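Worksheet: one structure, shown below.
Atoms within a ligand are numbered from 1 in the order they appear, just like the ligands themselves. As the structure is a prediction and not an experimental result, all values here were calculated from the model.
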Amino acid sequence: MAITLYPVKPDFMAEIGDVDLSVPLSDEDRAAIKAAFFKYSVLVFPDQELTSAQHIAFAEVFGPMEQNINTYADEVKKYRIDTRIADVSNLGDENEILAVNSRKRMSGLANRLWHTDSIFRRLPALTSLLYGRSIAPVGGRTEFADMRAAYDALLSATKSKIEKMIVEHSIFHSRAKLGFTDFTERERASLPPAKQVLVRTIPETGRRNLYLASHAMRVSGMSDEESEKLFKELTDHATQPQFVLSHRWRVNDLVMWDNRCTMHRGTDFDDWRWKRDVQRATVSDIGNTVELYAPSALTSLP
Ligand code: OGA
Ligand code: MN
């Protein structure tokens, strides 16, 4: 039986049924899922029972996984889950709820700011596949912003102004916004800032979009103050209700999104009370966006 697909909006977010992601996909299902991924940018697969190996095997349908990172690396003694998967839970090594001042908890709180995954790495992420093993009964949603629709709705003067901009991103910039600056030199050195274009075109659809996140530190060649003002304007624009959808989790949902043309954020929940065990497999993009789409900027910019 072929997959069934229910769009949430005509071209943003779809639920996919009649597919079991724990076994290798037929050629037909793989093609249908890829086509849906490019069209809708966010896919929700309910009722999936997956081991970590099966979660990874499905992720690898989209390309090679990125190497996992931990901003709070110097604290980690032992990993709770497969090290190829990012632990986005509020749980410690023994599956206990994290203490309030735990560095892992502090770092995870930055997921509540609008962002796209790994834009702060030279090689950013193509897609993230987040799997919910336990879910808070209330709160803890994930919201998605459609950066293609947001780009389309910009004034043409804004489009021309930002067309060629290059942005420097750092994971420590988003952490600092929450007052979390307590990183070792070793941790900082392991994640140096990265440059990405601000406007990109998705090759599979030809659609243009904003490529932005709370990791955005400055526009190359612009002052920090001016840059911050522009990022705020663009983020406020892109996260207006007409561009945003919210996902209410159920246990065993697998939700995947196109990091190239969406932003997402987790919403608040009582993380001292409920266990929320969500785990992320992340697939790399094909290259750095400046190297791919604006190579001349590499030599002409500061
Ligand atoms: C992520 C993320 C948000 C959430 O896994 O990359 O930002 O709702 N998650 O857990
Ligand atoms: Mn994220």
Side-chain angles (χ1 to χ4, degrees), residues 13 41-45 50 52 55-56 58-59 62 65-72 80-91 97-98 104-121 123-147 169-175 177-178 180 191 194 196 211-216 235 238-239 244-271 274-285:
M13 193 188 273
S41 300
V42 183
L43 301 181
V44 177
F45 298 89
L50 302 175
S52 291
H55 182 185
I56 290 169
F58 177 56
F62 296 86
M65 298 241 314
E66 75 173 23
Q67 217 185 327
N68 202 2
I69 44 141
N70 268 310
T71 24
Y72 52 94
R80 202 177 65 83
I81 58 174
D82 190 309
T83 53
R84 289 169 295 172
I85 292 182
D87 189 357
V88 190
S89 75
N90 63 332
L91 306 176
I97 290 183
L98 290 169
K104 179 178 172 189
R105 173 173 180 274
M106 293 291 290
S107 192
L109 288 178
N111 280 342
R112 306 209 189 155
L113 304 177
W114 285 108
H115 68 283
T116 184
D117 294 329
S118 297
I119 195 170
F120 51 81
R121 301 175 79 168
L123 187 59
L126 166 69
T127 174
S128 296
L129 301 92
L130 192 62
Y131 182 50
R133 294 189 181 275
S134 35
I135 292 307
V138 283
R141 292 170 177 252
T142 308
E143 296 182 330
F144 296 93
D146 183 349
M147 302 302 273
H169 297 268
S170 166
I171 191 166
F172 301 107
H173 185 73
S174 54
R175 271 53 186 169
K177 287 183 182 170
L178 300 172
F180 183 35
L191 287 166
Q196 308 291 351
Y211 189 47
L212 186 62
S214 58
H215 309 298
T235 305
T239 57
V244 172
L245 287 172
S246 171
H247 178 66
R248 157 107 291 261
W249 286 88
R250 294 149 298 193
V251 169
N252 291 346
D253 277 351
L254 182 126
V255 180
M256 69 180 295
W257 58 85
D258 191 336
N259 279 303
R260 302 172 303 175
C261 56
T262 61
M263 285 204 293
H264 62 278
R265 69 172 178 187
T267 71
D268 207 14
F269 74 106
D270 192 346
D271 68 345
W274 307 115
K275 291 189 174 182
R276 182 173 188 267
D277 189 357
V278 289
Q279 307 185 358
R280 193 182 83 206
T282 316
V283 173
S284 290
D285 204 340

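Contact check for N68 versus I85: no side-chain heavy atoms found under the 4.5 Å cut-off.
Side-chain contact annotation: S118 with E66, donor-acceptor N/O pair under 3.5 Å present. Counted by atom type alone, H215 and S174 present one or more donor-acceptor pairs between their side chains at under 3.5 Å. A donor atom on one side chain and an acceptor atom on the other are found under 3.5 Å apart for N259 and T116. A side-chain donor from one of R80 and S89 sits under 3.5 Å from a side-chain acceptor of the other.
Looking only at heavy atoms of the protein, atom 10 (O) of ligand 1 is closest to R276 NH1, 2.8 Å. In terms of protein heavy-atom proximity, atom 6 (O) of ligand 1 is nearest to R280 NH1, 2.7 Å. Of the protein's heavy atoms, T142 OG1, 2.7 Å lies nearest to atom 8 (O) of ligand 1.
With a 4.0 Å heavy-atom cut-off, ligand 1 is reached by the backbone of R141 but not by any atom from C-beta on.
Residue D117 has at least one nitrogen or oxygen atom sitting less than 3.5 Å from a nitrogen or oxygen atom of ligand 1, judged on distance alone. Considering backbone and side-chain N/O of T267, none are found under 3.5 Å from N/O of ligand 1.
Counted within 6.0 Å of CZ on R84, heavy atoms from surrounding residues, nucleotides or ligands total 12 or fewer; the atom is thus considered open.
Atoms of ligand 1 lying under 4.0 Å from any heavy atom of H264, numbered from 1 in the order shown and given with element: 1 (C), 2 (C), 6 (O), 7 (O).
Taking the six-membered ring for Trp and thresholds of 30 and 60 degrees, H264 and F144 have ring planes inclined between 30 and 60 degrees apart.
For the atom pair I171 CD1 and I119 CD1, the distance stands at 12.0 Å (nearest 0.5 Å).
Residue H115 places a heavy atom less than 4.0 Å from ligand 1.
Residues F180 and F172 place their aromatic rings such that the two centres sit no closer than 6.0 Å.
Excluding waters, the set of protein N/O/S atoms under 2.8 Å from the Mn ion (ligand 2) reads H115 NE2, D117 OD1, H264 NE2.
Residues R280 and D87 are not paired through a salt bridge, judged by the lack of any N-O separation under 4.0 Å between the basic side chain and the carboxylate.
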